[in-house]
Amino acid sequence: MSGDETALPGKGGGEGVAYGHKGKGILIHTLTEGNGIPLANCTTPANGNEPEQVLPLLDSVKVKTNKPGRPRKRVKVLAADKGYDSKDKRAALRKRGIRPQLPKRVWKTKKNLGRPIKISVPRFQQERCFAWYQRKYRRLVVRWERISHCFNAFLSLATIHIWINRILLVG
């Protein structure tokens, strides 16, 4: 056998695949704007730490305004699910001037005293984006690519396609 190891298929689903609490796979982290259009994507193994992906995603986005000058580098509000909730991330987001809308994790051993506080987090934009990925881009639902760069390329192509459709429809 030759010494070229790049032609061999990946072991157990490919690189970047691991066992999480829902089984073997990957996690797609997507930062979307208010209408559900994706701004930035990244993938991690299923057993990865979700809160660690927030700040790199925010660093990869520049918000374009129609005003002269340097583009803004931060969003005003960040809405996410319970998986991204941690005190350190909340403090880091507030330090950057971003208001976090993250539902608190509920611990079963902790007793809530007083009246229950209902905090609704508008996450339907992100869910709309993931529904587009699943409906229009079947290749992202089941990961057939064993090389993670190929899967990330298909994810980037899906993001570009969503943006092109948005520009042509609104245009």
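If you chain together hydrophobic residues whose side chains sit under 4.5 Å apart, V77 and L55 never meet in one group. Hydrophobic clustering, with ILVMFWY side chains joined whenever heavy atoms are under 4.5 angstrom apart, keeps F130 apart from L27.
Side chain of W132 to backbone of A158: no donor-acceptor contact under 3.5 angstrom is found. Judged by distance alone, with hydrogens and angles left aside, the side-chain atoms of R128 form a donor-acceptor pair with the main-chain N or O of N35 at under 3.5 Å.
Under the rule for a ring pair (Phe, Tyr, Trp, His ring centres under 6.0 Å), the partners of Y137 that lie at least two apart in sequence or sit in another chain are H161. Legend: residues meeting salt bridge (charged side-chain N to carboxylate O under 4.0 Å, His left out) with E127, ordered by chain and number and at least two apart, are R123. A search for salt bridge (charged side-chain N to carboxylate O under 4.0 Å, His left out) contacts involving R139 returns E145, not counting sequence neighbours.
The side chain to side chain contact (heavy atoms under 4.5 Å, CB included) test with P38 is passed by exactly one of L31, I28, I160, T30: T30.
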For side chain to side chain contact (heavy atoms under 4.5 Å, CB included), just list the numbers for I26 and T44, CA-CA rounded to whole Å, side-chain angles, deciding distance to a tenth of an Å, and then say yes or no. CA-CA 6 Å; I26 62 166; T44 58; over 6 Å; no

For E33 and R166: C-alpha separation, side-chain torsions, deciding distance, then whether side chain to side chain contact (heavy atoms under 4.5 Å, CB included) applies. CA-CA 13 Å; E33 56 127 11; R166 168 68 184 229; 4.3 Å; yes

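Under 3.5 Å, the side chains of S156 and N41 contain no donor-acceptor pair of N or O atoms. Checking T43 against H29 by side-chain atom types alone, no donor-acceptor pair falls below 3.5 Å.
Taking the side chain as every heavy atom from C-beta outward, D59 and R96 approach each other to under 4.5 Å.
In terms of heavy-atom proximity, P100 sits nearest to L93 at CB-CD1, 3.8 Å. In terms of heavy atoms, Q134 sits closest to V141 at CA-CG2, 3.5 Å.
Expressed to the nearest 0.5 Å, how far SG of C129 lies from CD1 of I162 amounts to 5.0 Å. To the nearest 0.5 Å, the span separating CD on Q53 from NZ on K89 amounts to 9.0 Å. Expressed to the nearest 0.5 Å, how far CD1 of I37 lies from CG of N165 amounts to 9.0 Å.
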